[in-house]
Enquirer: 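There's a structure below that I have some questions on.
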Amino acid sequence: MTNRTFVVLCLVPLFIFSIAFLALPLIRLFLASGESAAGWSIYLDILRKPRYLNTLILTVLVSLATTFAALGVSTTAGMFLARNQFKGRGVLLSILTLPLAFPGVVIGFLIILLGGRQGLINQITPGHVVFAYSILGLFLGYLYFSIPRVLLTVMAAAEKLDPSLEEAARTLGASPYRVVKDVILPGLMPSLIAAGAIAFATAMGAFGTAFTLATNIDVLPMVIYTEFTLSANIAMAAALSISLGLVTWVLLLVARSLSGTTVAAGG
Amino acid sequence: MIKSKTKLLQLTVTLTACAFLFIPTVMSVMAGVTANYFKGISSGVTLKWVFQVWELYADSIFLSLWLALACLVVTLIIGLPAAYGLARHPGWFSRILEEFISLPLAVPGLALALALLQLYGTMKGFRTSWTFILVGHVLYTLPFMVRSILAVLAAMDLKTLEEAAASLGASPAKRFFNIVVPNAMPGILAGALTVVTLSIGEFNLTWMLHTPYLKTLPVGLADSYASMRLEIASAYTLIFFIMIVPLLMAMQWASSRAQRIAN
């Protein structure tokens, strides 16, 4: 057997698997989206019918809010942990990255423990404060999911930033605000855009968290799920899935070209 | 003074984020061993709920372990030779193939599950067997295995090593097992731990692919969140944490080790 034949043979199992269980199913899904009475104009219906359009707008808004909140929190914490050595730093870092392995459903449950009827906030505050099943609860769930992922990306980038640039800016009399705005943020920008794209894409498609929390909220993954299981509207479920998949795929492609890596673990 | 004020702000944000992530985790652990959550921890510490979870959901836990193991075997059989092939045969075909198998990292699991159901849902024997869930898990974890091994292989001079072995008369297969596999070990280890961690926690695909007789651990979790009392749901989450946290730590250790070797 020649060298080349052996190398090509090594790729055969992967090729067969990805054709059978990735390429063909995705093609089938795409074809299924055009099989309703509406035909291919079903993709226009997503924008024309208020139910789907409102879902889309709400999903994008929650995902955007998650993205900016996660960027703000994780950049601050990430820069702090990357630039300071102190006792307990390792513990804080572990706490902030631990949830990487938590599936969305578990995060949903943790939010219920915080904001549900028997939750912590309801117990320690006067009055009846239950937010787990509201849009705020969903937002907090997505934020919980995103903080570790954004943090790791930011810290990897922060370690590559040259601290002497910040020193130089400080000795030249720059205020801390100016140091952040003119030195740190521009240096981090590619990673921040990448991390933001990851956070946005995962929030758009987060099914597990929505499944536990969004029983009364129409976000995209939940609408896909109910269209498929309850309404048996398979064409619309397929069309929404294809659109969602395209958006998240393009976003992560951009993220990867900017930062070189994607942090993804858990689902 | 101003400098310490910014530090103080940074510290506050960091600690708040830690509290936000950690407090509910602790609460969940506590609730799992509290006799009556409504009355609080003063009602006594008990393992009653953990045992009850074991009675109710042991099958789910074993199914998840079995799936994770099967998923590891399949991703190794497919991924290890594939990573070698991709490393030795760089070019447009390999790049497109690598990009393509990475799609499940970007496309939500729900969409992939619908695609699998559309094509194979009518094949009853396959649809209702555990191998259907396995396909979903392999689909999702395979890119992690391939990339993890590929990163290590790409960093070493595979060609020179192999030419040396070939000049001594080693066949391609022999070179693969005696040179490639030992050298790729750090990548294989990191990939393996990632695959097992992700498979045990996978929910998005599994929820759509599972049948009432085949519930994995996370599916059981969702089930307990919806229908069981808080203590049982918490005890089940506690069992999940005990399984997943050591795996995650091992995975992070192995990944950073593999990355150091790759660089």
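Excluded from the calculations below are hydrogen atoms, water molecules and symmetry mates; all remaining heavy atoms, backbone and side chain alike, are included.
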Enquirer: Over 60° means perpendicular and under 30° means parallel, so tell me whether A/Tyr144 and B/Phe20 are parallel, tilted or perpendicular.
Expert: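 Judged by the thresholds at 30° and 60°, the geometry between A/Tyr144 and B/Phe20 is perpendicular.
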
Enquirer: Under a 4.5 Å heavy-atom cutoff, which of B/Leu247, B/Val135, B/Thr141, B/Leu15 has the most pairs with chain A?
Expert: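 Most heavy-atom pairs within the cutoff with chain A belong to B/Val135.
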
Enquirer: Quick check on side chain to side chain contact (heavy atoms under 4.5 Å, CB included): which of B/Val146, B/Leu80, B/Val195 does B/Thr75 satisfy it with?
Expert: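 Looking at B/Val146, B/Leu80, B/Val195, the match for B/Thr75 under the side chain to side chain contact (heavy atoms under 4.5 Å, CB included) is B/Val195.
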
Enquirer: Checking heavy atoms, do the side chain of A/Phe211, its backbone, both or neither come under 4.5 Å from chain B?
Expert: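 Answer is side chain: those atoms of A/Phe211 sit under 4.5 Å from chain B.
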
Enquirer: Is there a side-chain contact between B/Phe241 and A/Val106, using heavy atoms and a 4.5 Å cut-off?
Expert: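 Yes. Closest side-chain heavy atoms under 4.5 Å.
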
Enquirer: Do the non-hydrogen side-chain atoms of A/Leu96 and B/Cys18 ever get within less than 4.5 Å of each other?
Expert: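 Of all side-chain heavy-atom pairs linking B/Cys18 with A/Leu96, at least one is under 4.5 Å.
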
Enquirer: So, are A/Arg170 and A/Glu167 salt-bridged, with charged N and O less than 4.0 Å apart?
Expert: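 Here A/Arg170 pairs with A/Glu167 in a salt bridge, since their nearest N and O are under 4.0 Å apart.
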
Enquirer: In terms of heavy-atom proximity below 4.5 Å to chain A, should B/Val138 be classed as side chain, backbone, both, or neither?
Expert: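 The answer is both parts of B/Val138.
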
Enquirer: Given a strict heavy-atom distance threshold of 4.5 Å, which part of A/Arg83 is in contact with chain B: side chain, backbone, both, or neither?
Expert: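 Neither part.
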
Enquirer: With respect to chain B, which residue among A/Phe15, A/Phe17, A/Tyr177, A/Phe30 yields the maximal number of heavy-atom pairs within a distance under 4.5 Å?
Expert: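 Max contact count across the listed options: A/Phe17.
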
Enquirer: Begin from the C-alpha positions of A/Phe109 and B/Ser28 and carry the test side chain to side chain contact (heavy atoms under 4.5 Å, CB included) through to its verdict.
Expert: CA-CA 9 Å; A/Phe109 179 63; B/Ser28 151; 4.2 Å; yes

Enquirer: Can you confirm whether A/Leu93 sits close enough to A/Met155 that some side-chain heavy atom of one is under 4.5 Å from a side-chain heavy atom of the other?
Expert: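 The answer is yes, as the side chains (C-beta and beyond) meet within the 4.5 Å cut-off.
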
Enquirer: Quick check on the interface: out of B/Glu162, B/Met208, B/Met249, who has the most heavy-atom pairs with chain A under 4.5 Å?
Expert: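 Winner by heavy-atom pair count: B/Met208.
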
Enquirer: Identify which of A/Val8, A/Ile112, A/Ile147, A/Asn84 forms the greatest number of heavy-atom pairs closer than 4.5 Å to chain B.
Expert: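 When all of A/Val8, A/Ile112, A/Ile147, A/Asn84 are compared, A/Asn84 has the most.
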
Enquirer: Go through the atoms of A/Thr76 and report whether side chain, backbone, both or neither lie under 4.5 Å from a heavy atom of chain B.
Expert: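 Backbone plus side chain of A/Thr76, per the 4.5 Å heavy-atom cut-off to chain B.
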
Enquirer: Who among A/Ala77, A/Pro13, A/Pro25, A/Ser18 has the most heavy-atom pairs with chain B under 4.5 Å?
Expert: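 Between A/Ala77, A/Pro13, A/Pro25, A/Ser18, the count favours A/Pro25.
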
Enquirer: For each of A/Leu140, A/Thr229, A/Leu251, tally heavy-atom pairs with chain B at distances under 4.5 Å, and name the one with the top tally.
Expert: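 Most pairs with chain B among the choices: A/Leu140.
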
Enquirer: What part of A/Ala201 gets within 4.5 angstrom of chain B, counting heavy atoms only: side chain, backbone, both, or neither?
Expert: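 Neither part, no heavy atoms under 4.5 Å.
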
Enquirer: Quick one: list whatever passes side chain to side chain contact (heavy atoms under 4.5 Å, CB included) with B/Ala190, sequence neighbours left out.
Expert: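 By the side chain to side chain contact (heavy atoms under 4.5 Å, CB included) rule, B/Ala190 matches B/Ser148, B/Ala254, B/Ser255, B/Ala258.
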
Enquirer: Side chain, backbone, both or neither: which part of A/Leu253 has an atom under 4.5 Å from a heavy atom of chain B?
Expert: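 It is the side chain, since no backbone atom gets that close.
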
Enquirer: For A/Phe228, is it the side chain, the backbone, both, or neither that has a heavy atom closer than 4.5 Å to a heavy atom of chain B?
Expert: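 Contact with chain B is through the side chain of A/Phe228 alone.
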
Enquirer: What I'd like to find out is whether the side chain of A/Leu120 reaches to under 4.5 Å of the side chain of B/Met27, using heavy atoms alone.
Expert: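 Yes, their side chains come closer than 4.5 Å.
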
Enquirer: So B/Phe126 and A/Phe21, would you call those rings parallel, tilted or perpendicular, with 30° and 60° as cut-offs?
Expert: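 Correct class here is tilted.
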
Enquirer: Answer with yes or no whether the side chains of B/His137 and B/Ser199 bring together a donor and an acceptor at under 3.5 Å.
Expert: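 Judged by distance alone, the side chains do pair up.
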
Enquirer: Do A/Val150 and A/Val73 have side chains that get closer than 4.5 Å, going by heavy atoms?
Expert: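 Not in contact.
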
Enquirer: By a 4.5 Å heavy-atom criterion (distance strictly below it), what part of A/Ile234 contacts chain B: side chain, backbone, both, or neither?
Expert: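 A/Ile234 touches chain B through side-chain heavy atoms alone.
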
Enquirer: Any side-chain donor paired with an acceptor under 3.5 Å for B/Arg147 and B/Ser102?
Expert: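 Per modelled atom types, B/Arg147 and B/Ser102 side chains form a pair under 3.5 Å.
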
Enquirer: So B/Leu139 and B/Leu116, do their side chains get closer than 4.5 Å, heavy atoms only?
Expert: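 Yes, their side chains come closer than 4.5 Å.
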
Enquirer: Between B/Leu11 and chain A, which part of the residue has a heavy atom less than 4.5 Å away: side chain, backbone, both or neither?
Expert: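 B/Leu11 touches chain A through backbone and side-chain heavy atoms alike.
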
Enquirer: A/Ser94 versus chain B, heavy atoms under 4.5 Å apart: side chain, backbone, both or neither?
Expert: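 No part of it gets close to chain B.
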
Enquirer: Please identify, among B/Ile200, B/Thr25, B/Leu112, the residue contributing the most non-hydrogen atom pairs under 4.5 Å to chain A.
Expert: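 Option with the greatest count: B/Thr25.
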
Enquirer: Can you tell if the side chain of A/Leu100 reaches within under 4.5 Å of the side chain of B/Gln252, non-hydrogen atoms only?
Expert: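 They are in side-chain contact.
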
Enquirer: To check you understand the geometry: which heavy-atom pair defines the closest contact between A/Thr66 and A/Leu143, and what is its length?
Expert: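 Scanning both residues completely, I find the closest heavy atoms to be CG2-N, 3.7 Å.
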
Enquirer: May I ask you to name which of A/Ser241, A/Ala32, A/Ala238 has the most heavy-atom pairs under 4.5 Å with chain B?
Expert: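 Winner by heavy-atom pair count: A/Ser241.
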
Enquirer: Going through the distances and angles, do A/Arg28 and A/Glu35 end up as a salt bridge (charged side-chain N to carboxylate O under 4.0 Å, His left out)?
Expert: CA-CA 11 Å; A/Arg28 183 72 197 84; A/Glu35 277 169 1; 3.6 Å; yes

Enquirer: Among B/Leu9, B/Ile23, B/Leu103, B/Val245, which residue forms the greatest number of heavy-atom pairs with chain A at distances under 4.5 Å?
Expert: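 Top count of heavy-atom pairs under 4.5 Å with chain A: B/Leu103.
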
Enquirer: Using non-hydrogen atoms only, which part of A/Ala206 is less than 4.5 Å away from chain B: side chain, backbone, both, or neither?
Expert: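 When you check distances to chain B, no heavy atom of A/Ala206 falls under 4.5 Å.
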
Enquirer: Determine the option with the most heavy-atom pairs under 4.5 angstrom with chain A, choosing from B/Ile78, B/Thr14, B/Ile101, B/Leu21.
Expert: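 The option with the most such pairs is B/Leu21.
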
Enquirer: Taking the side chain as every heavy atom from C-beta outward, state whether A/Asn122 and A/Phe131 have any pair of such atoms under 4.5 Å apart.
Expert: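 Not touching, per the 4.5 Å side-chain cut-off.
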
Enquirer: Among B/Thr197, B/Leu97, B/Ile244, which has the most heavy-atom pairs under 4.5 Å with chain A?
Expert: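 So the answer, after comparing B/Thr197, B/Leu97, B/Ile244, is B/Leu97.
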
Enquirer: Which residues, numbered in order, of residues 222-231 of chain B come under 4.5 angstrom of chain A by heavy-atom distance?
Expert: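 Residues of residues 222-231 of chain B touching chain A at under 4.5 Å: B/Ala222, B/Tyr225, B/Leu230.
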
Enquirer: Which one wins on heavy-atom pair count under 4.5 Å against chain B: A/Leu114, A/Leu11, A/Leu244, A/Ile107?
Expert: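 Ranked by heavy-atom pairs under 4.5 Å with chain B, first place is A/Leu11.
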
Enquirer: Let me know if A/Ile111 has heavy atoms under 4.5 Å from chain B in its side chain, its backbone, both or neither.
Expert: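 Answer is side chain: those atoms of A/Ile111 sit under 4.5 Å from chain B.
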
